[in-house]
Amino acid sequence: MRSLIERNPKLEVCGEAENGQIAVEMFQQLQPDLVVLDFSMPIKNGLQAAQEMSTLHPGIPLLMVTMFRSEQLTKEAQKVGIGSVLSKGDNLSSNLVSTIEHLASK
């Protein structure tokens, strides 16, 4: 995902975390303009991390990627402040950057 994002000169990756707990800690330190989370992360999954991030800074756009997107997961994601859910199987290479740009423009 990082390489897909960095192909766009308008976007910059300011951090990368190996688990949800570290993602929340980095979120607090770096205060990014937007966060991309994977649903499947150790310690805290993407929903848990997003809920904590939304509580800390409710205005920051959140995007979650997952292997298996479902209507139920999308509803749960929206409840915790995630603006969009992308499936890794739905041509992520072409949808990721456009979704990031859309969320960032809100």
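Computed from heavy atoms alone, side chains included, the values below leave out hydrogens, waters and symmetry copies. For reference, positions follow the sequence shown, starting with 1.
- Results of the side-chain hydrogen bond (donor to acceptor under 3.5 Å, both in side chains) test with K88 over T66, N95, D38 single out D38 as the only residue that passes.
- Rounding to the nearest 0.5 Å gives a distance of 15.5 Å between CD1 of I82 and NZ of K75.
- For D33, the side chain to side chain donor-acceptor pair (under 3.5 Å) test picks out no residue, with sequence neighbours left out.
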**Study point:** Pair L96-L63, side-chain contact (heavy atoms from CB on, under 4.5 Å): steps then yes or no
**Key:** CA-CA 9 Å; L96 180 63; L63 166 64; 3.7 Å; yes
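- What you find for A77 and M64 is that their closest heavy atoms are CB-CE, 4.2 Å.
- For N19 against P42, the heavy-atom pair with the smallest separation is CB-O, 3.2 Å.
- F27 and V36 fall into different hydrophobic clusters, where Ile, Leu, Val, Met, Phe, Trp and Tyr side chains are chained together by heavy-atom contacts under 4.5 Å.
- Distance CG/L4 to CG/L11: 11.0 Å, rounded to 0.5 Å.
- When hydrophobic clusters are built by joining Ile, Leu, Val, Met, Phe, Trp and Tyr residues whose side-chain heavy atoms come closer than 4.5 Å, directly or via intermediates, V85 is not grouped with L103.
- The two residues M26 and A17 have their closest heavy-atom pair at SD-CB, 3.8 Å.
- The two residues T55 and P58 come nearest to each other via the heavy atoms O-CD, 4.2 Å.
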Exercise for review: Show the numbers, then the answer: is there a side-chain contact (heavy atoms from CB on, under 4.5 Å) between Q48 and N45?
Suggested key: CA-CA 5 Å; Q48 294 164 327; N45 68 32; 3.5 Å; yes
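- Using a 4.5 Å cut-off between side-chain heavy atoms of Ile, Leu, Val, Met, Phe, Trp and Tyr, with links allowed through other members, L92 and V13 fall into the same hydrophobic cluster.
- Of all non-hydrogen atoms in P32 and C14, the two that sit nearest each other are CB-SG, 3.9 Å.
- With hydrophobic clusters built from ILVMFWY side chains whose heavy atoms lie under 4.5 angstrom apart, M41 does not share a cluster with V65.
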Check your understanding: Do V35 and M53 pass the side-chain contact (heavy atoms from CB on, under 4.5 Å) test, and can you show the C-alpha distance, the side-chain angles, and the key distance before you say yes or no?
Key -> CA-CA 9 Å; V35 177; M53 290 174 184; 3.9 Å; yes
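- The CZ atom of F39 lies 12.5 Å from the OG atom of S87; values are rounded to the nearest 0.5 Å.
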Exercise for review: Show your working on side-chain contact (heavy atoms from CB on, under 4.5 Å) between L56 and V24 and close with a plain yes or no.
Suggested key: CA-CA 9 Å; L56 293 166; V24 172; 4.2 Å; yes
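- One side chain, E25 or Q21, offers a donor N or O that lies under 3.5 Å from an acceptor on the other.
- Between the OG atom of S84 and the NE2 atom of H102 there is a distance of 7.5 Å, given to the nearest 0.5 Å.
- Taking CE from M1 and CG from L37, the interatomic distance works out to 8.5 Å, rounded to the nearest 0.5 Å.
- Nearest heavy atoms, P9 versus R7: CD-O, 3.4 Å.
- Separation of atoms CD (E18) and CD1 (I43) is listed at 8.0 Å; rounding is to 0.5 Å.
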